[in-house]
Amino acid sequence: MASGMAELLRLLLSVAEKAANVARVCRQEAQLFELLVQEKTGADKNKKFVQDFKTLADVLIQEMIRHDVCAQFPELTGFIHGEESNKFENGLGESVTVRVCAQEEDTTALLAKVLDGDQNAASLLTKVIHQDLQIKDEMAESLQLSISPADVGIWIDPIDGTSQYIEGKEEEQPDEGFCPFGLPCALVLIGVYLRSTGQPVMGVINQPFNRKDSTGKGWKGQHLWGVSYGDVNACSFTHRRPSCPQKKDDLSVLLSSSERPAVKDALAAIPGGSLMYASGAGYKILCVVQGLVDVYVLSEGSTFKWDSCAPHALLRALGGGVSDLSECMRAHVNGNKGHAAELTYHQLHNQSQGVDRWANRGGIIAYLDSSVIDKVVAALAGKI
């Protein structure tokens, strides 16, 4: 990796860990957590959820990543995109623009204003945001890639699975399999794409709530990364589940519990097909990355570029991908089997409003083995 991209990956691993610390700190005190949660409204509201939340943790993480990355890579200024608006309204009805300042005391003062003058909470958060945290990863640092940070843009989802983060069911991830809901479904996602083509080339996923720590009160996290560009495909996650005694033709399909009944019925009818459910778009793609399921299918346009960019890069590094479901369906109708129609990340939908400009409008299909596309598409043909 040209040293610039190796440095960028190392920085993203470090800021993602800082982000995980913010997420953990924000859950430590119920009073602080209640103070932080604000409901999204208007154009920023994701239609899928009746009540979608914007947390200060979300906004802080996004702005911290933007600040830290631009400080080291000024050429990325203007090319770091996130899910969240950085405007926040405090209890006095004052609108405050959340940003990370150069000096700790300035960040504390700004956060205290957001937090209705709560200095303790503000300084606790500021300490985490301004800490100098370095993640060491020899494999990441040794990669060579022939592009530079000036060729890429970044998508941040500060906390994917916000509803799980807020509801906070303290389920640990089992040793085998995955969590259908709970804190492990909340992820920090940082995806890097080529400005020229929109191809995802690097992804960092941090799972702040992976395991309880030895006291049983706090949480330990884990991180994964992947790089896919040219002839370089590298991923920190390499072990696959041992080949189960299941038949080769079995197909485990992960869905959102709110998926349309027609889709569930069509996929359940695949010979050897089994349906499973989990929360969080990023987490569901992570389950595919980890080989816990064969495919994740979503028929609605309710995910966004920031949900899929990071885990898409990991899947590409492992030989898989994330494709536009409706494009795959169209190709199937036209007799063009095996058409991948992978998602790209550089173009918005001009005719849409608010967050919908960045929606994965055709639905998605995430896979490690592209042969599952034809199975899924054949099952859905004529049904949706």
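Values in this document were obtained by computation on a predicted structure and should not be read as measured data.
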Taking the side chain as everything from C-beta on, heavy atoms only, tell me whether [X] gets closer than 4.5 Å to [Y].
{"X": "Met329", "Y": "Leu380", "value": "yes"}
{"X": "Leu8", "Y": "Val152", "value": "yes"}
{"X": "Leu12", "Y": "Met202", "value": "yes"}
{"X": "Val322", "Y": "Asn360", "value": "no"}
{"X": "Trp225", "Y": "Ser236", "value": "yes"}
{"X": "Pro311", "Y": "Leu189", "value": "yes"}
{"X": "Asn210", "Y": "Lys220", "value": "no"}
{"X": "Phe181", "Y": "Gln164", "value": "yes"}

Where at least one partner belongs to residues 199-219, residue pairs that pass salt bridge (charged side-chain N to carboxylate O under 4.0 Å, His left out), sequence neighbours excluded:
Glu170-Lys212, Asp175-Arg211
Can you tell me which residue pairs pass the salt bridge (charged side-chain N to carboxylate O under 4.0 Å, His left out) test with a partner in residues 137-146, sequence neighbours excluded?
Arg10-Glu141
Atom CZ of Arg24: over 12 foreign heavy atoms under 6.0 Å
yes
Checking [Y] against [X]: is there a side-chain donor and acceptor pair closer than 3.5 Å?
{"X": "Ser228", "Y": "Asn233", "answer": "yes"}
{"X": "Ser308", "Y": "Tyr345", "answer": "yes"}
{"X": "Gln119", "Y": "Thr108", "answer": "no"}
{"X": "Asp324", "Y": "Ser326", "answer": "yes"}

How far apart are the C-alpha atoms of Trp306 and Val355, what are their side-chain angles, what is the distance that settles it, and do they pass the side-chain contact (heavy atoms from CB on, under 4.5 Å) test?
CA-CA 11 Å; Trp306 51 78; Val355 293; 4.0 Å; yes
Exam field: side chain [X] to backbone [Y], donor-acceptor pair closer than 3.5 Å:
{"X": "Ser279", "Y": "Pro180", "answer": "yes"}
{"X": "Arg316", "Y": "Gly226", "answer": "no"}
{"X": "Asn334", "Y": "Ala331", "answer": "no"}
{"X": "Lys305", "Y": "Thr344", "answer": "yes"}
{"X": "Lys284", "Y": "Ala278", "answer": "yes"}
{"X": "Asp307", "Y": "Phe304", "answer": "yes"}
{"X": "Tyr165", "Y": "Ala57", "answer": "no"}

Please report the closest heavy-atom contact between [X] and [Y], naming both atoms and the distance.
{"X": "Cys101", "Y": "His67", "result": "O-NE2, 4.0 Å"}
{"X": "Cys179", "Y": "Gln173", "result": "SG-CA, 3.5 Å"}
{"X": "Thr126", "Y": "Glu104", "result": "CG2-O, 3.4 Å"}
{"X": "Asp160", "Y": "Tyr283", "result": "OD2-N, 3.8 Å"}
{"X": "Pro149", "Y": "Glu75", "result": "CB-OE2, 3.7 Å"}
{"X": "Asp294", "Y": "Leu251", "result": "OD2-CA, 3.4 Å"}

One pair to check against side-chain contact (heavy atoms from CB on, under 4.5 Å): Leu255 and Val297. What are the steps and the verdict?
CA-CA 6 Å; Leu255 300 170; Val297 178; 4.0 Å; yes
Got a second to check how far [X]'s [atom1] is from [Y]'s [atom2], nearest 0.5 Å?
{"X": "Leu314", "Y": "Cys235", "atom1": "CG", "atom2": "SG", "result": "4.0 Å"}
{"X": "Ile159", "Y": "Ile166", "atom1": "CD1", "atom2": "CD1", "result": "8.0 Å"}
{"X": "Ser274", "Y": "Leu267", "atom1": "OG", "atom2": "CG", "result": "10.5 Å"}
{"X": "Lys127", "Y": "Asn21", "atom1": "NZ", "atom2": "CG", "result": "13.0 Å"}
{"X": "Ile373", "Y": "Leu325", "atom1": "CD1", "atom2": "CG", "result": "9.5 Å"}
{"X": "His223", "Y": "Leu13", "atom1": "NE2", "atom2": "CG", "result": "5.0 Å"}

Go through the steps to decide whether His312 and Glu342 satisfy the test side-chain contact (heavy atoms from CB on, under 4.5 Å), and finish with yes or no.
CA-CA 9 Å; His312 189 172; Glu342 283 197 65; 2.6 Å; yes
Taking only Lys NZ, Arg NE, NH1 and NH2, and the carboxylate oxygens of Asp or Glu, determine whether Glu63 and Lys18 approach each other closer than 4.0 Å.
no
Between His81 and Tyr193, what is the ring plane arrangement, given parallel below 30°, perpendicular above 60°, and tilted in between?
parallel
Would you check, one step at a time, whether the test side-chain contact (heavy atoms from CB on, under 4.5 Å) holds for Leu125 with Leu115?
CA-CA 11 Å; Leu125 288 172; Leu115 295 165; 4.2 Å; yes
Ring pair (Phe, Tyr, Trp, His ring centres under 6.0 Å) partners of residues 112-131, not counting sequence neighbours, each pair once
none
